[in-house]
Amino acid sequence: MVSLANLFEGAKDLPIERLMMDSRVAAPNSIFFCMKGLKNDGHHFIDMAISNGAICIVHSDPVETFREGIVYIKVENVVDVLNRVADAFYGRPSGKLNVIGVTGTNGKSTIALTIKNILNAYMPTGYIGTISIEYGDVKTLPLLTTPEITQLHEILADMVDKGVKAVSLEVSSQGLEQARVNVVEFDTAIFTNLTHDHLDYHGTMENYFQAKSKLFNLIGPDKTAIINIDDPYGRRLEQACSARVVTYAINTPATYMAKNIEILFDRTNFDLHLYNEIYPVQTNMVAMFNVYNLLAVIAACHENGMPMEVILERCKKIEHVDGRMERIEEGQNFQVIVDYAHTPDGFEKIFKFADDITPKGKRILAVFGAAGKRDTKKRPILGEIADRFCDMIILTEEDPRNELPHAIAEQIAKGITKSNYSIVEDRYDAIRQALEMANEGDTVLILAKGDESYMYREFGREDWIGDDNAVREILREVVLIKEENQ
């Protein structure tokens, strides 16, 4: 509980128990912030907020009716004030943590969670992102990739209370545009790459880049930026960033550089060049894009004080990130990979890996769709990429929201000109058909959902078994049937 007088200069000495952004949720003795969203304006819900416990209203537009006993505080920018108040209300938690922010189109989840898993051996570390929220013995379902302002500071405060010393945080472009992390005290910021995604929201790649750049405007010269300079946007960021810049790359001279890369189906080896030293790296992570991810992880852990020898030892057997390049084995004689890839760049990388590991004369089969109400421009591009590599494509639902899955699939199919394809709207049935079609030596890719345990439909979230669990369940049946028929 915090006094209102400690949050606003000259305000009454009233006890504040909660911060309210949603007027529908009961929150006694709370401050309601009149936020303006794309669809709703909090100024229209002041009465509801008061009925649900708000005793203070923070607003930017004029208020027509003032209720007795309620404190009204007019400000120029409600979002800026919410950031400042949330930080103070929860005891400025980010300043008590070593905060590592990870942004970019692809790789955020793998990098952020792997940093947590490795750095945790050196200092108690938490993770907030698309996959989950994890720290100590706490593991909960994710909120948004980057939580809303009050949620984020509340989570960080609980981490501090539980003895966490560092946190690895995925920072989305929407989160940056919506100023959700404006008062978070980042110590390290990581840029992975920038490729086609979220253009329904940002409009252009330049706008998308400018949104990502906001993270690096939040860190000063005494902080560290870790940037992939094989990416052209990374090179731009390197030149513009005022923080201490550390780079990583494979093809461009960089602070952390991978050379002599050997990628096998179940492991990867490479030489890490760091200043005047060369370190042999062995890891169970596979695919070229994971070399980039691992370079970012190594750099983040090392720049935050972890000895290189300890980092490299832990790289040998990295805890698997569910739904990311997850190879599933249930006794079948073909390869099955579940991956979260859902962007053109992600597709290029996962299909290239599948092409590398699939024996000549064997087939690549893929199951995927595209999210409803999101970036419609990329749909035929996804189809075109899959068409270059696949022998069979099954198009299915993927968070359709209020669009028809069949209509989305038809838009994807515009990019398919040579491969066989079918549309199977039910995702479970689509996965089943692909696994039943697969023969010895083939590779089956189940893409975009990973281990997500929900499906977005018109009415909101619906429970979904998760691609990883669906594959395991179906494979056990398929393998058993094939064994019985032999």
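Sequential numbering from 1 along the given sequence is applied to the chain's residues. Side chains are part of it too, since the values below use all heavy atoms of this structure and drop only hydrogens, waters and symmetry mates.
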Please tabulate, one pair per line, all N/O donor-acceptor pairs under 3.5 Å involving side-chain atoms of residues 246-256, not counting sequence neighbours.
| residue | atom | partner | partner atom | Å |
| --- | --- | --- | --- | --- |
| Thr247 | OG1 | Thr255 | N | 2.9 |
| Thr247 | OG1 | Thr255 | OG1 | 3.2 |
| Tyr248 | OH | Phe191 | O | 3.3 |
| Thr252 | OG1 | Asp230 | OD1 | 2.6 |
| Thr255 | OG1 | Thr247 | N | 3.1 |
| Tyr256 | OH | His302 | ND1 | 2.9 |
| Tyr256 | OH | Glu303 | OE2 | 2.6 |

Compile the donor-acceptor pairs under 3.5 Å between side chains in residues 132-143 and protein atoms, sequence neighbours left out, one pair per line.
| residue | atom | partner | partner atom | Å |
| --- | --- | --- | --- | --- |
| Ser132 | OG | Glu134 | OE2 | 2.7 |
| Tyr135 | OH | Asp158 | OD2 | 2.5 |

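Arg432 is linked by a salt bridge (charged side-chain N to carboxylate O under 4.0 Å, His left out) to Glu436, Glu477, counting only residues two or more places apart in sequence or in another chain. A search for side-chain hydrogen bond (donor to acceptor under 3.5 Å, both in side chains) contacts involving Ser3 returns Asp13, not counting sequence neighbours. For the salt bridge (charged side-chain N to carboxylate O under 4.0 Å, His left out) test, residues two or more places apart in sequence or in another chain that qualify with Asp187 are Lys223. Listed by chain and residue number, Lys316 satisfy the salt bridge (charged side-chain N to carboxylate O under 4.0 Å, His left out) test with Glu313 (two or more places apart in sequence, or in another chain). Under the salt bridge (charged side-chain N to carboxylate O under 4.0 Å, His left out) criterion, Glu154 pairs with Arg18, not counting sequence neighbours. Under the side-chain hydrogen bond (donor to acceptor under 3.5 Å, both in side chains) criterion, Asp387 pairs with Thr417, Ser419, sequence neighbours left out. For Arg314, the side-chain hydrogen bond (donor to acceptor under 3.5 Å, both in side chains) test picks out no residue, with sequence neighbours left out. Applying the side-chain hydrogen bond (donor to acceptor under 3.5 Å, both in side chains) rule to Ser168 yields no partners; only residues at least two apart in sequence or on another chain are considered.
For the salt bridge (Lys or Arg N to Asp or Glu O under 4.0 Å) condition, no pair includes a residue of residues 119-128, sequence neighbours left out. Residue pairs meeting the salt bridge (Lys or Arg N to Asp or Glu O under 4.0 Å) criterion with at least one partner in residues 333-342, sequence neighbours excluded, do not occur; the list is empty.
Using a 3.5 Å distance cut-off with no hydrogens or angles, the side chains of Ser109 and Glu170 do pair a donor with an acceptor.
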(request) Starting from the C-alpha separation in whole Å, work towards a yes-or-no answer on ring-ring contact (aromatic ring centres under 6.0 Å, His included) for Tyr456 and Tyr454. (result) CA-CA 7 Å; Tyr456 280 108; Tyr454 51 83; 5.4 Å; yes
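One distance of note links CD1 of Ile100 with CD1 of Ile226; it measures 7.5 Å at 0.5 Å rounding.
Here the side chain of Asn77 pairs a donor or acceptor atom with the backbone of Asp80 at under 3.5 angstrom.
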